[in-house]
Amino acid sequence: MAGTKFAYVKNFELPDPLLPGTYILLRLDGHGFHRLSQDHDFVKPNDERALQLMDHAARDIMHEFKDVVLAFGESDEYSFLFRKSTTLYNRREAKILTTVTSLFTSSYVLNWPRYFPNSSLKYCPSFDGRIVLYPSEKEVRDYFAWRQADTHINNLYNTTFWALVQQGGQTTTEAHATLRGTVSKEKHELLFSRFGVNYNTIPERYRKGSVLVREEVAGHEPSGTAESAPAEDKCATSGSGAEASEVRVEHTQGTKKSKKPKVQTHIQLYHCDVIEQAFWGARPYLLE
Ligand code: ATP
Ligand code: ATP
Ligand code: MG
Ligand code: MG
Ligand code: MG
Ligand code: MG
């Protein structure tokens, strides 16, 4: 068709390459999930099924796009970090963003019945997406720290809020008013003194979010076992936060040009601290 007199319209399409040698960070966020969570009776403050469904869709992204080395999820959002050397779709921004966003969305819909067997989707969920480029390791680490700090702040607020409503008998308006202007320490105290809840015993999934890491497999065993990981790395495979579920070993082959040996990787789910240096110190390859 290229030769027709109409083909000139193709020239109106502008190139949109992402700057080479920078970290591509892609974040998705559910559209109108406050309402979607109400319409589908999500457990408040944290519906574990919904979080597991998000993790499942994020895993599907990492299975499809091998240059995604790390992902972080909380609530209705997920962030994906690409290797800075990725040449996926020649680094075309729209191609990357729309393909990842639509694959995530279709996986969310396809797998919904698995996590919500008794509640069918009432309408089509959608996700917005954006790509941000970061120039150095510092911004990438601070990005993930920012999202995890957000998880913590939101979860502390929501946990206290819903305790006031569900156990304290307050209306949602009253609960908002009770919490207005309170600092973190006061919320901890309120939870403990009025509801006997020690915040630090709430599941790590809720307090720290989900961390999906592409890890190299040493021999045929997952790397980062309790024995081989540095002692201070709390994100080790056998550590408390790890979930070994659905580990699919992948064969990542180096490009033919570089003739790199086959490297087996798998995707590991943690609910661990990414703010601390230990997480990054144990996985320098994430930022290479
Ligand atoms: P927007 O379209 O602007 O993103 P939104 O309604 O999706 O609006 P967010 O700020 O993204 O608002 O917040 C997502 C909301 O979805 C949360 O505030 C919460 O009410 C709900 N939600 C998401 N995941 C869960 C979950 N696992 N359990 C309970 N509620 C959830
Ligand atoms: P890319 O990911 O680059 O878009 P592609 O494989 O989707 O690659 P396209 O140029 O978009 O390639 O072409 C879509 C192809 O999908 C068509 O060439 C055809 O093979 C197939 N296809 C799409 N719709 C139909 C249809 N209704 N019936 C039969 N084949 C179809
Ligand atoms: Mg939003
Ligand atoms: Mg949202
Ligand atoms: Mg959100
Ligand atoms: Mg096509």
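What you see is a predicted model; the values in this text were computed from it and never measured. Both counts, for ligands and for their atoms, begin at 1 and track the order of listing. Nothing fancy with the numbering, it's 1 onward along the sequence.
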Contacting atoms of ligand 1, where contact means under 4.0 angstrom from a heavy atom of H34: 5 (P), 6 (O), 7 (O), 15 (C), 16 (O), 20 (O)

Distance filter under 4.0 Å to P45 heavy atoms, resulting ligand 1 atoms: 28 (N), 29 (C)

Per-atom contacts of ligand 1 with H31, taking only distances under 4.0 Å to non-hydrogen atoms: 2 (O)

Between Y199 and T159: side-chain donor-acceptor atoms closer than 3.5 Å: no

Check: D128 N/O within less than 3.5 Å of ligand 1 N/O: no

For ligand 1, the portion of V43 having any non-hydrogen atom under 4.0 Å away: backbone

Proximity of E48 to ligand 1 by residue part, where a heavy atom lies under 4.0 Å: neither

Test item: side-chain donor near acceptor, T151 and N155, under 3.5 Å: no

The Mg ion (ligand 4): angle it makes with OD2 (D76) and O (G30), nearest 10 degrees: 90°

Stacked cation flag R35 on Y123, 6.0 angstrom / 45 deg: yes

Interfacing atoms of ligand 1 (cut-off 4.0 Å, heavy-atom, D29): 4 (O), 11 (O)

4.5 Å side-chain heavy-atom contact, F65 and T86: no

Min N/O separation N46 to ligand 1 under 3.5 Å: no

Polar atom proximity, R35 to ligand 1 (N or O, under 3.5 Å): no

Geometric N/O contact G30 with ligand 1, under 3.5 angstrom: yes

Any N or O of F33 closer than 3.5 Å to N or O of ligand 1: yes

Proximal ligand 1 atoms for L51, defined as those under 4.0 Å from one of its heavy atoms: 27 (N)

Residue A50 vicinity, atoms of ligand 1 by number, heavy atom under 4.0 Å: 27 (N)

Residues D142 and Y134: side-chain donor-acceptor under 3.5 angstrom: no

Min side-chain heavy-atom separation F80-L28 under 4.5 Å: yes

Residue portion contacting ligand 1 (non-hydrogen atoms closer than 4.0 Å) for S75: both

Heteroatom test (N, O or S) for D29 near the Mg ion (ligand 5), limit 2.8 Å: yes

Aromatic plane relationship, H40 with W112 - under 30° parallel, 30 to 60° tilted, over 60° perpendicular: perpendicular

Side-chain H-bond candidate by donor/acceptor type, R59 with S210, under 3.5 Å: no

Nearest neighbour of atom 12 (O) of ligand 1 from the list N154, D76, L36, D47, on a heavy-atom basis: D76

Centroid separation Y108 to F127 less than 6.0 Å: yes

Selection from S37, G73, G32 by shortest heavy-atom distance to atom 8 (O) of ligand 1: G32

